[in-house]
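Worksheet: the structure to be examined is printed underneath.
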Amino acid sequence: MKTKLNKIILKAAGIAHRTGRFPSDNFPEVLIEVPKLESHGDYSTSFAMMSAGTQKMSPRKIAEAILEGIEDPGDIISDIQIAGPGFINFYIKPSAWHPILSRINAEDLRYGASDRGQRRKVQVEFVSANPTGPLHVGHGRGAAVGDSLANILSFYGCDVQREYYINNSGRQIHTLGRSVYIRFLSLHGREVVFPDDCYQGDYILDLARQINAEKGDSLLAMSEDKAIQNCARFAADKVLAGIRSDLEHFGIVFDRWYSEQSLYDDGKVDRMIDDLLSRDLVYRKDGALWFRTTSFGDEKDRVVVRTNGQTTYFASDIAYHHDKYLRGFDRVIDIWGADHHGYIPRMNAAVEASGRNRNQFDVILVRLVNLLRNGKPVAMSTRAGEFVTLGDVIDEVGRDAARFIFLTRHYDSTLDFDLELAKRKTNDNPVYYVQYVHARIASIIRKSVEKEMGPVTYDPAAVSMLTVKEEIGLIKRMDHFPEVILRSAEEMTPHRIAFYLIDLAAAFHAYYNKHRVLTDDPILARGRLYLVAAVKKVIRNGLTLLGVSAPERM
RNA sequence: GCCCCCGUAGCUCAGUGGAUAGAGCAUUGGAUUCCUAAUCCAUGUGCGCAAGUUCGAUUCUUGCCGGGGGCACCA
């Protein structure tokens, strides 16, 4: 609808210019919005006010000139008014809304999709938690955001890949091995003081028991170094398997699990360092090798190879991101916890150094999650090994509720996740509110089948009977859906969809309570059935993008 | 000290360079002989503070105040 108005306005402005009413043909972008007040029409534009500068005319005069040039071949406009400082308000005829319904019902699963992404290859990398312990709620938020964003971009027309980067090299993994090994030793009666810098959680003890059961004796016979190495590999594999299963539980499947270690094994890190050396992007100082990140805007240079000869995490990360582009992605999106924000400048530097453009790399920083129960913080300390895992949360509140809660907030603000609130099946928990729309309509459709009212198909006579304001309101909202998707994809804001769905759900529930769909008038009933069938599809499409199910019954 | 984010209703959060800033919860009172009451209808106080840019600022800029996070040859 907006597109149609857009054309009409531009054409009118063109006419005004040709007939000499406008001195300039330099027109601003036509911004059309839905006014907050119904009395301001269905759509409104500030075009006249924005043109005031270039036309050197008063906004109202401009608006009048536009009005004279308005042509409405589709016969969609019932009234146009100039209001306030120069707003042009459009009132749309009810009949103009009706074709949208057949479009929604026809496009069905694809309604809202577009080809704006131009099949661009985009990679979304998310979660990527170190395999040193189970996932917690914070990872869950990143998982929900990343997965949903991937869905949205794909719907937008991008060619999207989901990837999990496994930090399976380096000190933390060694610490994991050491932690398990020490617990293992204590199983064999060797009293060892458990160091503070080791992982304290109960799962470490479980891992020790498992490795003991599988290869206890051989492990005892090994040198400490070798044993720790064995423990590390064993534990990391197990922990990763757990992570994978938690994520699958959450409905998330990665296209690829990329191993950090493989970067070393394949020589990609070494090659990258050689390359940087040859381009004089790294230099030696104090026995270490430094990357000139300051040349790309970072506040200080960063170490890639330490004095002891070991590479830093940053080194493999440069190689990793370089590799992403080599694999053909022309855009890379990383989703990180907000505590990594200081890392962005150096990663930007790395991306630029590998010859890529700034706009080919985005980092989404997902803020902290506070886990609460009845408004009180749930005590959590990774150190002490006391924490509620993502798996626990999903088991307790359910996958749909958990996902929806993560996505009804902008990722840029901290999130209070209350376990008790999340379990409630009331309006405290909008996920059920939205899903209920889907179930209710499914039920209506079942009923219509029982009553043998015939299939839900397009019937111009029936659809033309949809004239009450709640019906037009629903269509109007659904007409808006594709635009919500565009914005959500372009701004990388999944939460827009969640809020859109809540709004559409509210409009539906209100309609449902006020008007009966399956009325005694068979024609009207058919029209309303066609309307709610469209609502059902839009709700489903939206929920699917969020990774939330759309149930037929509740 | 420096950097990033946040500050909107009693609470949890949306939103916007424009015409009277929204939703849920909480409060109070209502709605079902009929399509699922996990529903609906009614009920009011608010953009942290101060300057600047603008025809117009809650939105953009700067400063201040308050909250969170970050400033490793850790990952």
Side-chain angles (χ1 to χ4, degrees), chain A residues 31 33 35-37 39-40 44 46 49-50 52-53 58-59 83-87 89 128-130 132 167 169-173 175 197 260 285-290 299-300 302-317 337-345 365 367-368 370 372 375 405 408-418 421 424-437 439-448 450-451 495-496 498-500 502-503 505-506 508-520 525 528-529 532 553-554:
Chain A
L31 292 175
E33 53 183 24
K36 285 171 207 139
L37 266 72
S39 60
H40 291 148
S44 172
S46 55
M49 290 178 295
M50 292 172 71
S58 81
F87 291 102
N89 297 337
S128 299
N130 293 348
T132 54
N167 296 126
S169 146
R171 212 177 68 180
Q172 299 213 6
I173 291 296
T175 304
D197 64 338
E260 179 189 10
K285 190 184 87 180
D286 305 331
L289 209 56
W290 299 71
E299 57 185 14
K300 55 173 285 198
R302 308 289 174 175
V303 170
V304 285
V305 181
R306 287 180 266 167
T307 314
N308 64 10
Q310 285 180 346
T311 51
T312 59
Y313 174 85
F314 181 46
S316 50
D317 228 0
D339 51 341
H340 287 75
H341 100 86
Y343 200 73
I344 294 176
L365 289 179
R367 299 279 146 186
L368 203 83
N370 297 313
L372 309 174
I405 289 167
T408 36
R409 241 129 290 198
H410 188 76
Y411 52 73
D412 225 354
S413 52
T414 54
L415 161 63
D416 288 331
F417 192 112
D418 194 305
L421 217 66
R424 278 188 219 157
K425 299 192 171 173
T426 63
N427 265 357
D428 279 320
N429 215 359
V431 65
Y432 299 113
Y433 185 81
V434 175
Q435 287 183 318
Y436 191 43
V437 171
R440 261 186 158 172
I441 296 173
S443 168
I444 295 172
I445 292 173
R446 282 195 297 272
K447 207 71 159 192
S448 79
E450 265 172 42
K451 290 188 171 181
H495 76 281
R496 275 189 185 282
F499 281 94
Y500 169 82
I502 292 169
D503 180 61
F508 171 78
H509 286 310
Y511 174 61
Y512 178 90
N513 272 273
K514 191 161 173 189
H515 303 284
R516 207 177 151 71
V517 174
L518 305 177
T519 54
D520 295 333
R528 290 189 168 167
L529 211 45
V532 298
R553 292 168 203 275
M554 286 172 74

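Computation of the quantities below employed the complete heavy-atom set of this structure, encompassing side-chain atoms and omitting hydrogens, waters and symmetry-equivalent molecules. Within every chain, numbering begins at 1; the chains are lettered A, B, ... in the order of the sequence lines, protein sequences first and strands thereafter.
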Exercise. Which base, if any, makes a Watson-Crick or G-U wobble pair with B:rG63, both distances under 3.5 Å?
Worked result: B:rC49
For this session: For A:S44, report the nucleic acid contact type (base, sugar-phosphate, nothing); a contact means any heavy atom under 4.0 Å.
Result: base
For this session: Please work out if A:Y432 contacts a base, only the sugar-phosphate, or nothing of the nucleic acid, heavy-atom cut-off 4.0 Å.
Result: base
For this session: Could you work out which one of B:rA19, B:rG68, B:rC35 sits closest to the side chain of A:R367?
Result: B:rG68
Seminar exercise, completed: With sequence neighbours left out, the residues meeting side-chain contact (heavy atoms from CB on, under 4.5 Å) with A:A439 are A:M554
Exercise. How is A:A83 classified with respect to the nucleic acid when contacts are heavy atoms under 4.0 Å: base, sugar-phosphate, or nothing?
Worked result: base
Exercise. Counting any heavy atom closer than 4.0 Å, what does A:R553 reach on the DNA or RNA strands: base, sugar-phosphate only, or nothing?
Worked result: base
Problem set entry | Donor-acceptor pair present, A:T307 side chain and B:rC73 base, under 3.5 Å | yes
Exercise. Which part of the nucleic acid does A:T312 contact within heavy-atom distance under 4.0 Å: base, sugar-phosphate only, or nothing?
Worked result: sugar-phosphate
For this session: Indicate, with a heavy-atom threshold strictly under 4.0 Å, whether A:F314 touches base, sugar-phosphate, or nothing.
Result: nothing
Seminar exercise, completed: When every non-hydrogen atom of A:N167 is compared with those of A:S128, the smallest separation belongs to OD1-O, 3.7 Å
Exercise. Parallel, tilted or perpendicular for A:Y343 and A:Y313, by the 30°/60° rule?
Worked result: tilted
Please write out each protein N/O paired with an N/O of nucleotides 44-48 of chain B under 3.5 Å, distance rounded to 0.1 Å.
none

Exercise. Measuring from A:N427:CG to A:Y432:OH, what's the distance to the nearest 0.5 Å?
Worked result: 13.0 Å
Exercise. What is the nucleic acid contact for A:H495, judged by heavy atoms within less than 4.0 Å: base, sugar-phosphate only, or nothing?
Worked result: sugar-phosphate
Exercise. So what does A:H341 hit on the nucleic acid, given a heavy-atom distance under 4.0 Å: a base, only sugar-phosphate, or nothing?
Worked result: base
Exercise. So what does A:A288 touch, heavy atoms closer than 4.0 Å: a base, only the sugar-phosphate, or nothing?
Worked result: base
For this session: Using a heavy-atom cut-off of under 4.0 Å over every strand shown, decide if A:N89 touches base, sugar-phosphate, or nothing.
Result: base
For this session: Identify whether any heavy atom of A:F87 sits under 4.0 Å from a base atom; if not, whether one sits that close to sugar-phosphate; answer base, sugar-phosphate or nothing.
Result: base
For this session: Pick base, sugar-phosphate or nothing for A:D286, based on heavy-atom distances below 4.0 Å to the nucleic acid.
Result: base
Exercise. Which word best sums up how the rings of A:H515 and A:Y511 line up, parallel for under 30°, tilted for 30 to 60°, or perpendicular for over 60°?
Worked result: tilted
Exercise. Is any side-chain N or O of A:D428 under 3.5 Å from a base N or O of B:rA38, one able to act as donor and the other as acceptor?
Worked result: no
Seminar exercise, completed: Of B:rA75, B:rC13, B:rC4, the nucleotide closest to the side chain of A:Y313 is B:rA75
Exercise. Stacking check: are the rings of A:H340 and B:rG69 less than 5.5 Å apart at their centres and under 30 degrees in tilt?
Worked result: no
For this session: Please state how far atom OH in A:Y512 lies from atom P in B:rC34, giving the value in whole angstrom units.
Result: 11 Å
